[in-house]
Number of protein chains: 2
Amino acid sequence: MKSVERHNKIVEIVLENGRMSIADICKMFQVSEMTARRDLNALDRQGLLRRIHGGAIANLGRSYEPSFQTRTFKNQSKKMAIGLKAAELIYDGDSVALDVGTTTLEIVAGLRGKRNLTIITSCLQIATRVVDQLSLDTDVRLVLTGGIIRPRELSMIGPIPEHVYQDLHVDKAFIGIGGISLEDGLTEYNIEDTQIKRMLIRSAHEKIVVADGSKFGMTTFASVAPLTAVDKIVTDNSAPAEIVEQIRKQGVEVILADAD
Amino acid sequence: MKSVERHNKIVEIVLENGRMSIADICKMFQVSEMTARRDLNALDRQGLLRRIHGGAIANLGRSYEPSFQTRTFKNQSKKMAIGLKAAELIYDGDSVALDVGTTTLEIVAGLRGKRNLTIITSCLQIATRVVDQLSLDTDVRLVLTGGIIRPRELSMIGPIPEHVYQDLHVDKAFIGIGGISLEDGLTEYNIEDTQIKRMLIRSAHEKIVVADGSKFGMTTFASVAPLTAVDKIVTDNSAPAEIVEQIRKQGVEVILADAD
DNA sequence: ACAATCGAACAAAAAAATTGTATCATATAA
DNA sequence: TTATATGATACAATTTTTTTGTTCGATTGT
């Protein structure tokens, strides 16, 4: 086992159980205390958990959204499956908007080989990944909306992106979302985000939500739009069947990706 | 000598002399032919030179601007010195615009420890570096202008950044430039860039050009502005003394950084 | 106070990268 | 075309970097 794998596992467990002790790590991975401490200190520096005496705890205050990097670890394989499935909805020549998010980020991997795409995003991570992965092989036009960068999020907010989205029209918008519920519709953690997401929905011909199964039945802080404001939802097969059923009855297509 | 240093030296020499043979490399660095070949192949893959039978040649069609990555290698130590010197002009609380460029990129390193900065840029590299290096320690507000990303340049052009710069006003703008000449003033390689640079100059209270000594006396393709449109020029001590003298006579302050 | 935990420093071990040599394939020039 | 130089692959040797463990004095929480 490589050290990076161990780090990932540790973060996953801390996120799952809320805490993990030095002793736990020693036992589970057969390493010395010093190594366990070094691991936790490194992960703490990366902001992925909070170091405490004797171990580490998750660093999420309940009502706060975890940082982008932390969220990347949650349900990663599911997000990858969703991203690839969502990418299948994109055809050569499409103009697509990719919302900020760890799930939308995975869509990029599925764009290899597609021709003549226009991609609009306000997410620095997505932009960087597109440049790294695509701009060499594929002929892709990449547009960044600009805006004020939120340091932990690497997304841009404020009047600039709103203004840009207002003037642009895309074939398809892929929207990440904090919660999907029958009662409260689509909800997000931050008010700033809701505004951008609304603009996105407005300026896209086809509106597609990407969200892993854990988002279903969740209501987070700020309301974005009713369920029926979007055309499709791409999720994985861990999404609760009854909720999916109800959503379909409301006329929203739900696409399930196979996650390992 | 580390392999990276050797690579840098090789690129520098190829850029300087236009070509370099396998034998040259073996002799100069006391390495085997195999190593020399591996070096050239690696650098070719990175697009920094063009591999030919028996050696390598520079891969610049004379009238074209080399790619961002290639330019990073040219006069790197001088650019670092200039960047640090230029950063001394920035005070706590300033709002600064950082133009696209390999020299402006080096300003970021000098911003450590400064408080309450607002940085505006349309360069993806600069944005990424600011996020990596500063956003943790420093309290910096980072604004990206947005725009269409030019894949090789990682800069943004088009109506979006122009519009954004139009609405923003900064204390100081640091402008990279392709050529500085007494007859033709400030010139650039691409027309697209000139427009943005003009906007930058217009929206800044203090206009500062950063350019290494090799840019002096050069005229590139497109005219940006007359020399007197800017307040200061930060360069290194390799800048030709007579030209510097003449520029100073025109009322533009020239600051010389000590390069190794 | 006192046992557990921590971090610094050093040494050991493992992993990764760099480099060289030998060998055979390929390209260039006469 | 042949002869010679150059190239590429594979493997081994080397160096460098990363990771890990141990010891020991300092610090922490109960």
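Proteins get letters first, then strands, A, B, ... in listed order; numbering begins at 1 in each. Heavy-atom basis, side chains included; hydrogens, waters and symmetry copies ignored.
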Among A:V234, A:D99, A:I90, A:T103, exactly one meets side chain to side chain contact (heavy atoms under 4.5 Å, CB included) together with A:F174. Which residue is that? A:I90

Would you call A:D94 and A:R115 a salt bridge, using N to O less than 4.0 angstrom? no

Show the distances under 3.5 angstrom between N or O atoms of the protein and N or O atoms of nucleotides 8-14 of chain D.
unit_1	atom_1	unit_2	atom_2	d
D:dA8	OP2	B:N41	ND2	3.2

Criterion side chain to side chain donor-acceptor pair (under 3.5 Å) on A:K79 and A:T102, from CA distance to verdict: CA-CA 8 Å; A:K79 284 171 179 169; A:T102 52; 2.9 Å; yes

For D:dG21 and A:S32 - does any side-chain N or O of the residue sit under 4.0 Å from the phosphate oxygens OP1/OP2? yes

Where along residues 17-25 of chain B does a heavy atom come under 4.0 Å from DNA chain C, residue by residue in number order? none

Between A:I52 and A:K2, which has a closest nucleotide on DNA chain C that is more 5'? A:I52

Considering every strand and a 4.0 Å limit on heavy-atom distances, what is the contact class for A:L40: base, sugar-phosphate, or nothing? nothing

Summary of salt bridge (Lys or Arg N to Asp or Glu O under 4.0 Å) pairs that have at least one residue in residues 81-92 of chain B, sequence neighbours excluded: none

Nt span of DNA chain C in reach of chain B heavy atoms at under 4.0 Å, 5' end first, is C:dT18 to C:dT28

Contact state string [nucleotides 24-30 of chain D, B base, S sugar-phosphate only, - no protein heavy atom under 4.0 Å]: -------

Closest to the 5' end of DNA chain D, once B:G54 and A:S3 are matched to their nearest nucleotides, is B:G54

In whole Å, I'd like the distance from the CG atom of A:L43 to the P atom of D:dT19. 12 Å

Count the heavy atoms of every other residue, nucleotide or ligand shown that sit under 6.0 Å from CZ of A:R50, and state whether that count exceeds 12. no

Suppose the criterion is salt bridge (Lys or Arg N to Asp or Glu O under 4.0 Å): which pairs have a residue in residues 35-45 of chain B, not counting sequence neighbours? B:R6-B:D39, B:E33-B:R37

Can you tell me if A:T187 and A:T220 form a side-chain donor-acceptor pair at under 3.5 Å? yes

B:R6 CZ to D:dT15 C1', straight-line distance once rounded to whole Å: 13 Å

Please say whether more than 12 non-hydrogen atoms of neighbouring residues, nucleotides or ligands are located less than 6.0 Å from CD1 in A:I52. yes

Pairwise side-chain contact, B:V209 with B:I180, heavy-atom cut-off 4.5 Å (strictly under): yes

Is it true that, when you exclude A:F29 itself, more than 12 heavy atoms of the residues, nucleotides or ligands shown sit nearer than 6.0 Å to its CZ? yes

Should we say atom CE of A:M28 is surrounded by more than 12 heavy atoms from elsewhere, each under 6.0 Å from it? no

B:T104 and B:C123, any side-chain heavy atoms less than 4.5 Å apart: no

One thing to verify: whether A:D212 and A:K215 come together as a salt bridge, which I'm taking to mean a side-chain N less than 4.0 angstrom from a carboxylate O. yes

